[in-house]
Amino acid sequence: MGPLLGFITIFFIAMSMTRKLVKLTLASVVKRNKLKEKKTSLDLQILLFLQKNHRYFGILALLSALAHAALQFSITGSPSLTGGTLIGLLIAQGVTGYLQEQKKGNIRVLNKIHEILPFIITGLIIAHIILNSSIPL
């Protein structure tokens, strides 16, 4: 059950990280729909859904990461340094997004942090899986 929660966490993190991709592709999809004289298309609806709900995916990622950590700790009896760091970074990601939304603090700095953290989180997830894998390398 622990690894399943880990993969669920990765899924939600991936879904929350799609916002930048959506921003990059949204204009071209809207332009293509205008050329075809379509008001909406399935890919546009998916992109808008991801953009609108990316914060909820992030919240679900944090909650599933906490559940994963609690379950793994109850099984192994020892905390994971990489896992704890990941949870801290997920919290930082949420805080920077919230502060941006509330327009508090230096928005440019918060935006850069909010854009960079997903790459750090992705790298740390890979390290976490490698370092905490029960499969010998």
Side-chain angles (χ1 to χ4, degrees):
M1 184 68 168
L4 176 63
L5 276 173
F7 286 113
I8 290 170
T9 301
I10 291 170
F11 170 77
F12 286 133
I13 288 172
M15 295 303 289
S16 68
M17 287 173 47
T18 56
R19 185 155 193 219
K20 190 68 171 179
L21 176 66
V22 168
K23 277 182 155 181
L24 295 172
T25 58
L26 195 58
S28 64
V29 171
V30 169
K31 184 178 178 181
R32 187 194 68 221
N33 285 349
K34 281 185 181 179
L35 290 174
K36 292 183 178 180
E37 296 179 2
K38 279 180 141 179
K39 199 169 202 170
T40 186
S41 61
L42 180 62
D43 55 350
L44 179 62
Q45 291 173 346
I46 291 170
L47 289 173
L48 292 174
F49 174 80
L50 291 173
Q51 185 176 32
K52 181 180 175 185
N53 296 301
H54 90 280
R55 77 184 66 178
Y56 301 115
F57 290 123
I59 292 168
L60 289 171
L62 178 60
L63 293 175
S64 63
L66 289 170
H68 171 69
L71 181 63
Q72 289 300 104
F73 182 74
S74 71
I75 292 170
T76 63
S78 63
S80 167
L81 179 62
T82 54
T85 306
L86 277 166
I87 288 174
L89 289 176
L90 286 173
I91 291 169
Q93 182 73 344
V95 168
T96 57
Y98 176 77
L99 290 174
Q100 282 180 359
E101 184 181 334
Q102 299 299 314
K103 300 192 183 344
K104 294 185 179 182
N106 187 333
I107 300 301
R108 292 178 77 187
V109 171
L110 290 171
N111 190 37
K112 274 296 169 208
I113 293 170
H114 199 71
E115 286 181 358
I116 292 169
L117 274 179
F119 296 104
I120 296 169
I121 289 170
T122 302
L124 199 53
I125 286 171
I126 294 167
H128 177 72
I129 290 170
I130 293 170
L131 293 173
N132 295 307
S133 175
S134 59
I135 302 168
L137 296 177

Which donor-acceptor pairs under 3.5 Å do the side chains of residues 70-79 make with protein atoms, sequence neighbours left out?
residue	atom	partner	partner atom	Å
Ser74	OG	Leu71	O	2.7
Thr76	OG1	Gln72	O	2.9
Thr76	OG1	Ser78	N	3.3
Thr76	OG1	Ser78	O	3.2

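- Partners of Ser16 under the side chain to side chain donor-acceptor pair (under 3.5 Å) rule, at least two apart in sequence or in another chain, do not exist in this structure.
- The side chain to side chain donor-acceptor pair (under 3.5 Å) test applied to Gln102 returns no partner, not counting sequence neighbours.
- The side-chain contact (heavy atoms from CB on, under 4.5 Å) check on Leu99 picks up Val95, Lys104, Leu110, with sequence neighbours excluded.
- Under a hydrophobic-cluster definition in which Ile, Leu, Val, Met, Phe, Trp and Tyr are linked whenever side-chain heavy atoms come within less than 4.5 Å, directly or via other members, Ile129 and Leu81 are assigned to different clusters.
- There is a path of hydrophobic side-chain contacts, each under 4.5 Å, that joins Leu90 to Phe7.
- Between the CD1 atom of Ile10 and the OG atom of Ser64 there is a distance of 9.5 Å, given to the nearest 0.5 Å.
- Here the CD1 atom belonging to Ile116 is positioned 9.5 Å from the CG atom belonging to Asn111, to the nearest 0.5 angstrom.
- Panel note: side chain His68, backbone Pro3; no donor-acceptor pair is recorded below 3.5 Å.
- Both Ile121 and Ile91 belong to a common hydrophobic cluster when Ile, Leu, Val, Met, Phe, Trp and Tyr are linked at side-chain heavy-atom distances under 4.5 angstrom.
- Residue pairs meeting the salt bridge (charged side-chain N to carboxylate O under 4.0 Å, His left out) criterion with at least one member in residues 46-72, sequence neighbours excluded: Arg55-Glu101.
- The two residues Thr122 and Met17 have their closest heavy-atom pair at OG1-CE, 3.4 Å.
- A distance of 10.5 Å separates CG of Asn53 from CG of Leu48, quoted to the nearest 0.5 Å.
- Rounded to the nearest 0.5 Å, atoms OG1 (Thr9) and CG (Leu66) are 8.5 Å apart.
- In this structure, Ala65 and Ile87 approach most closely via the heavy-atom pair O-CD1, 3.9 Å.
- Considering every non-hydrogen atom in both Pro118 and Gln93, the closest pair reads CG-NE2, 3.4 Å.
- Note: Ile113 CD1 to Asn106 CG = 9.0 Å, rounded to the nearest 0.5 Å.
- With sequence neighbours left out, Thr82 forms a side chain to side chain donor-acceptor pair (under 3.5 Å) with Ser80, His128, Asn132.
- A single hydrophobic cluster is seen to contain both Leu4 and Phe11, as judged by linkage of ILVMFWY side chains at heavy-atom distances under 4.5 Å, directly or through other members.
- Counting heavy atoms from C-beta outward, Leu50 and Phe57 have side chains that approach closer than 4.5 Å.
- Hydrophobic cluster membership differs between Leu89 and Ile59, with clusters built from Ile, Leu, Val, Met, Phe, Trp and Tyr side chains linked at under 4.5 angstrom.
- In this structure, the side chains of His54 and Met15 stay at 4.5 Å or more apart for every pair of heavy atoms.
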